[in-house]
Amino acid sequence: MSNERYNARDAEPRWQRRWDDEAIFATRNDDPRPKYYVLEMFPYPSGRIHMGHVRNYTMGDVVARYKRAKGFAVLHPMGWDAFGMPAENAAMANKVHPKSWTYANIETMKGQLKSMGLSLDWSREVATCDPSYYKHQQRMFLDFLKAGLVERKQSKVNWDPVDQTVLANEQVIDGRGWRSGALVEQRELTQWFFKISQYSDDLLAALDKLERWPDKVRTMQRNWIGRSEGLLIRFALDSATTPDGESEVKIFTTRPDTLFGAKFLALSPDHPLAQAAAKDNPKLKAFIEECRHTGTAREAIETAEKQGFDTGIKAAHPFDPDWKLPVYVANFVLMDYGTGAIFGCPAHDQRDLDFVNKYGLGNTPVVCPDGQDPATFTITDTAYDGDGRMINSRFLDGMTITEAKEDVAKRLEAATIGNAPVAERQVNFRLRDWGISRQRYWGCPIPVIHCETCGVVPVPVEDLPVQLPEDIAFDRPGNPLDRHPTWKHVACPQCGGKGRRETDTMDTFVDSSWYFVRFTDPWNETTPTTQSVADRFLPVDQYIGGIEHAILHLLYSRFFTRAMKATGHLDLDEPFAGLFTQGMVVHETYRRADGSYAAPAEVRIESDGERRRATLIATGEEVTIGSIEKMSKSKRNTVDPDDIIATYGADTARWFMLSDSPPDRDVIWSEENVQGASRFVQRVWRLVSAATPLLPEPGTAIDPAHAGARALRAAAHQALADVSNGIERLRFNTAIAKLYAFVGTLHETVDDPAKPLETDPAVAAAAREAFDILVKLIAPMMPHLAEECWAALGHRTLVSQAPWPEVEEALLVSDTVTLPVQINGKKKADVTVARNAPNPEIEAAVLALDAVKSALGGKPHRKIIVVPQRIVNVVA
RNA sequence: GCGGACGUGGCGGAACUGGUAGACGCAAGGGACUUAAAAUCCCUCGAUGGCAACGUCGUACGGGUUCGAGUCCCGUCGUCCGCACCA
């Protein structure tokens, strides 16, 4: 065997250069073969890539290389999600311009990605901060505006006091800004909105068709969109108790069946009627103020106590004008859902029950669970929201909930107050419009001009892009665009009068909502898309990224696809046909005695057989091995991809990323397991080096009658079938397990003391085929090693361009099968029979087995179950 | 609170639509080679009983369906994730 070690540091750059020189990963838009679009979520250019990127991009690259070998015109591009806050933070902290900071980071990270050996078409690279990209985004903004998909409105917004910007609801997590972590405040501002809610129904319904999306993500989006069917009911107000000008209140309910259990109405503190009532009621006014404050603090989780204030207003029950219900203002009623008002049925809604128990309004159960006696069924602390029959509900009594809902809806639709029906059926969504205004510099400028006479005027398309000014100061927080001395002062395109540019920029989620479209023709300077090309390559066949984008990015992209279709930029229903969410890369943490963290690179791990100990390399100080956590700077448990590639090579890193865990689960980065991957790289190289001199020319005919040759071919084709299947199903860890096993088999052949490889031409010919297959199988995962082996095996082509081998199915089935034999479901023996042996023959063979005879002890069996090709079970 | 996913050796995990539980990797132990170490190669490796052939138990726990259950059903416990006053 050769002693020469495989030198990744030498081989990897060499092959990368060759791929580059021959431009083998560039995709031609006129390639006539069937297309396959594989895409990984593009990175934010934060400075350096991290292990999460390595995992994400390795998975995508395996798919890209595999599909390319399968004969597809593969589109596999990369770009940069390059606008955003960190560039401005860096500008403030280090006096670097966001642009130079961003482009320097892109340069560094591009080099890192290249060192991973990814099969990307770099000629399609885009950066969202480049005017050549955001120009088209501005164009689409104007098109959306024209199409009625953009709106400017006053709204209560989530204000992040640290980043000094507005956040979308999706960007507020537990009441805190998703990036800054600061407690979010409520403010009234005029904002630009994309009318995503216009597509609520479609965005929801189309989820059912996204069969290649994880159920988890679809469920999350379903919940986020939050469709609920119900009834909008008008309650007439008692004029004697009601402020002038008010005569009714509208409420939304999904439980009209419980109308006879109503005890009160409740308004949101922001409800117009509440405001009106507060005018002459200082106590109510004070209460509303209080609600606002606790509302903004958002500590709702622990201080969830229901509070209300009786306005004194009385509302008439829709089925009984003499039945008056008190109208409260309550802190738990949300203004921006439904109508901002509810009716409370305490017996069947926990919130309402908590409320009446506090204010002594009582409750009447109107739904009685089956098996309970309606006469004695009572509610005290726990509302009943299950199924049952209507009680205490006059004409509804005895009906099911569904029947009662229908009956109430029909009656109230037919009834009228004034000239309008009392109620109408309504569908409500939780999803609200997407506020895209950000008070930031480093984002895509919103292309409109505010004119003193004409109002809001779109920037003419021929004036695009509205470019960001480069002379900008970051000495204060807030929006530098707004403070720029000249940039915002322009003439109105309509009247030529005094105008002012919009100084808000777009949420960076806008940038990432269509980059996958732009990749199809990034060279088009005049329009955002070239429709024929976009329609050819889209949808993305396989999209891969983190679960953290399950809602925001993916929902926005789905909206954008619809909006682009509506404005004639695309003909596409859904952007991502297949979605895969990969798990995180996690690592142990190390803590010093003083509580500070130590980095993996500073620590030496030793095992004394019983347990693992960690010491600081520099001082020998013992450190505690802590829990396994997501890699993060704060826990200092990160591993730098550059270090790993320098030490082991990209192939080892790639192989490790795929091998240890199922790709949708977290993978633990462990030094021992990386070394295992590294050993495997060397093992493959040694094996190929040892075998090569003994192998005949590629394509040498193999004697089909030779048993040894056939066995070897069977192993190769089985591995081929298994690895292909693993990649197709994105089960990379199982594909890799099969490769380990296959290499083991080849090793046995090469190491066989009988030396058939040297003496038996049939075996040698089979081995030639097997080695060629092996190298093709490892190529998607370890492309550099594969190229090196491919060349060593005497090929002059690139394995990266070689076709995927075809499975010869005939090799996978043998003439005989060995079936496990069970007695009463426990395995006791094996039986080998002809593959197509009829059942009686198999039964006879089984009953003749010693193990079966002794187990039966001379008694007759009761039954034999033969599952063809699988198993035999004898029932004693 | 609501919704979802999961629970298999010392560890990561495998087991297609119910059909030989623990593939493959890591760690560990033993051996070969070596002056020695590294590297490499070979063997062992769920628990338990037995000298052994072999037996018994075993996929969080308790039931059930089935010739047969890690897989399906019911219940319990635990872990993780998402949403969180959405009427």
Side-chain angles (χ1 to χ4, degrees), chain A residues 1 3 5 173-175 214-224 226-228 230 251-255 258 266 300-301 304-306 330-334 336-345 348-352 354-355 385 428-432 547-548 550-551 607 609-612 655-656 659-662 664-668 670-677 679-680 682-683 686 722 725 729 731 733-744 747 751 818-830 861-867 869-876:
Chain A
M1 275 206 184
N3 288 323
R5 284 176 64 80
I173 296 147
D174 288 341
D215 288 340
K216 183 186 168 82
V217 174
R218 291 197 284 175
T219 305
M220 283 167 74
Q221 291 212 354
R222 246 177 234 123
N223 292 341
W224 190 266
R227 182 182 199 274
S228 52
I251 64 97
F252 174 74
T253 180
T254 56
R255 292 297 301 274
T258 63
I301 303 153
E305 203 191 337
K306 307 281 175 284
N331 64 344
F332 64 94
V333 181
L334 305 173
D336 43 11
Y337 185 79
T339 61
I342 60 155
F343 88 82
C345 175
H348 305 289
D349 184 297
Q350 192 60 48
R351 294 161 301 184
D352 298 345
D354 294 345
F355 189 77
D385 59 3
N428 255 302
F429 292 92
R430 208 186 82 111
L431 180 68
R432 274 163 258 148
I547 186 77
E548 66 273 21
I551 297 173
S607 174
E610 280 295 297
R611 46 183 286 262
R612 295 165 69 248
W655 184 260
F656 172 78
S659 64
D660 250 36
S661 286
D664 53 345
R665 261 191 250 175
D666 292 351
V667 64
I668 303 168
S670 101
E671 195 65 20
E672 288 96 338
N673 291 353
V674 174
Q675 277 165 14
R679 272 200 295 275
F680 182 71
Q682 296 301 336
R683 185 174 160 92
R686 267 198 317 277
D722 291 345
N725 186 253
R729 294 169 55 212
R731 305 287 301 265
N733 56 324
T734 61
I736 279 185
K738 301 293 182 189
L739 280 170
Y740 271 115
F742 181 37
V743 166
H747 186 264
D751 243 16
T818 299
L819 301 175
V821 176
Q822 296 180 331
I823 312 250
N824 292 334
K826 303 247 178 208
K827 195 215 163 191
K828 295 289 173 182
D830 291 298
H861 66 278
R862 287 213 310 218
K863 194 168 163 188
I864 296 186
I865 289 134
V866 177
V867 184
Q869 313 288 321
R870 291 228 101 117
I871 203 164
V872 181
N873 191 12
V874 180
V875 185

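Chain naming here is simple, since letters A, B, ... match the order of the sequence lines and numbering starts at 1 in each.
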When you compare B/A27 with B/G78, how far apart are their P atoms, in angstrom units rounded to a whole number? 36 Å
In which ranges does RNA chain B form stems of 3 or more consecutive Watson-Crick or G-U pairs, distances under 3.5 Å? B:1-7 with B:77-83, B:10-12 with B:24-26, B:28-32 with B:40-44, B:46-49 with B:54-57, B:60-64 with B:72-76
Whole-angstrom distance between B/C73 and B/G7, as gauged at atom P: 14 Å
Taking the C1' atom in each of B/U71 and B/U8, what is the distance between them to the nearest angstrom? 12 Å
Base, sugar-phosphate alone, or nothing: which one does A/Val867 contact when heavy atoms must sit under 4.0 Å apart? base
Atom CG of A/Asp385 to atom C1' of B/C85: distance rounded to whole Å? 14 Å
Close side-chain approach of A/Asn824 and A/Val875, heavy atoms under 4.5 Å: yes
Tell me the interatomic distance from A/His348, atom NE2, to B/C2, atom C1', rounded to whole angstroms. 19 Å
Could you check which of B/C41, B/G13, B/A23 has an atom nearest any side-chain atom of A/Ala737? B/A23
Shortest non-hydrogen pair, A/Gly744 vs A/Arg683, comes out as CA-NH2, 3.9 Å
In whole Å, what separates the P atom of B/C57 from that of B/U40? 42 Å
Hey, does the side chain of A/Ser659 come within less than 4.0 Å of B/G12's phosphate (OP1/OP2), counting only N and O? no
Name the nucleic acid region contacted by A/Ser670, choosing base, sugar-phosphate or nothing; use a 4.0 angstrom heavy-atom cut-off, strictly under. nothing
Closest to the A/Glu672 side chain: B/G19, B/A87, B/A27? B/A27
Could you work out the separation of B/C24 and B/G1 based on their P atoms and round it to a whole Å? 44 Å
Closest to the A/Tyr740 side chain, choosing from B/G3, B/C83, B/C24: B/C24
On a plain distance test, is the side chain of A/Asn873 in donor-acceptor contact with the base of B/C67 below 3.5 Å? yes
Any side-chain N or O of A/Arg683 less than 4.0 Å from the OP1 or OP2 oxygen of B/C41? yes
Distance between the P atoms of B/G70 and B/U76, in whole angstroms? 22 Å
Check every strand shown and say whether A/Val333 touches a base, only sugar-phosphate, or nothing at a heavy-atom separation below 4.0 Å. base
Is any side-chain heavy atom of A/Phe332 closer than 4.5 Å to one of A/Asp352? yes
Value in whole Å for how far the C1' atom of B/C80 lies from CD1 of A/Ile668: 14 Å
Interatomic spacing from CH2 in A/Trp224 to CZ in A/Arg432 - rounded to 0.5 Å: 8.0 Å
Which part of the nucleic acid, if any, lies within contact of A/Asn733, taking any heavy atom under 4.0 Å across all strands shown: a base, the sugar-phosphate backbone alone, or nothing? sugar-phosphate
Measure from CD1 on A/Ile551 to C1' on B/G4 and round the result to the nearest Å. 13 Å
From B/A87, B/G13, B/U20, pick the nucleotide closest to the side chain of A/Ser661? B/G13
Closest approach of A/Ala677 and A/Trp655, non-hydrogen atoms and distance? CB-CD1, 3.6 Å
State which of B/C83, B/A14, B/G82 makes the closest approach to the side chain of A/Arg665. B/A14
Spacing of A/Leu431 atom CG relative to B/C83 atom C1', expressed in whole Å: 14 Å
Any side-chain N or O of A/Arg430 below 4.0 angstrom from OP1/OP2 of B/C83? no
Mind checking if A/Gly338 touches a base, just sugar-phosphate, or nothing, with heavy atoms under 4.0 Å? nothing
Using the C1' atom as the reference point in each nucleotide, state the distance between B/C2 and B/G19 in Å, no decimals. 39 Å
Once hydrogens and angles are ignored, does a donor-acceptor distance under 3.5 Å link the base of B/C85 to the side chain of A/Lys306? yes
Checking A/Asn873 side chain against A/Gly825 main chain: does a donor-acceptor pair fall under 3.5 Å? yes
Whole angstroms only, please: what is the NZ-C1' distance between A/Lys828 and B/U20? 13 Å
With respect to the phosphate group of B/C26, does any side-chain polar atom (N or O) of A/Arg679 fall under 4.0 Å of OP1 or OP2? yes
Side chain of A/Lys216 - closest among B/G12, B/A87, B/C81: B/C81
A/Ile823 has an atom CD1; how far is it from atom P of B/G55, in whole Å? 11 Å
Looking at B/A14, B/G25, B/A87, which one has an atom nearest to any side-chain atom of A/Asp660? B/G25
dist A/Gln350:CD -> A/Lys306:NZ (nearest 0.5 Å) comes out at 8.5 Å
Counting heavy atoms from C-beta on, name the nucleotide in B/G19, B/C83, B/C67 closest to the side chain of A/Ile871. B/G19
Gap between atoms CD and C1', on A/Gln822 and B/G18 respectively (whole Å): 11 Å
Under 4.0 angstrom between A/Arg731 side-chain N/O and B/A14 OP1 or OP2: yes
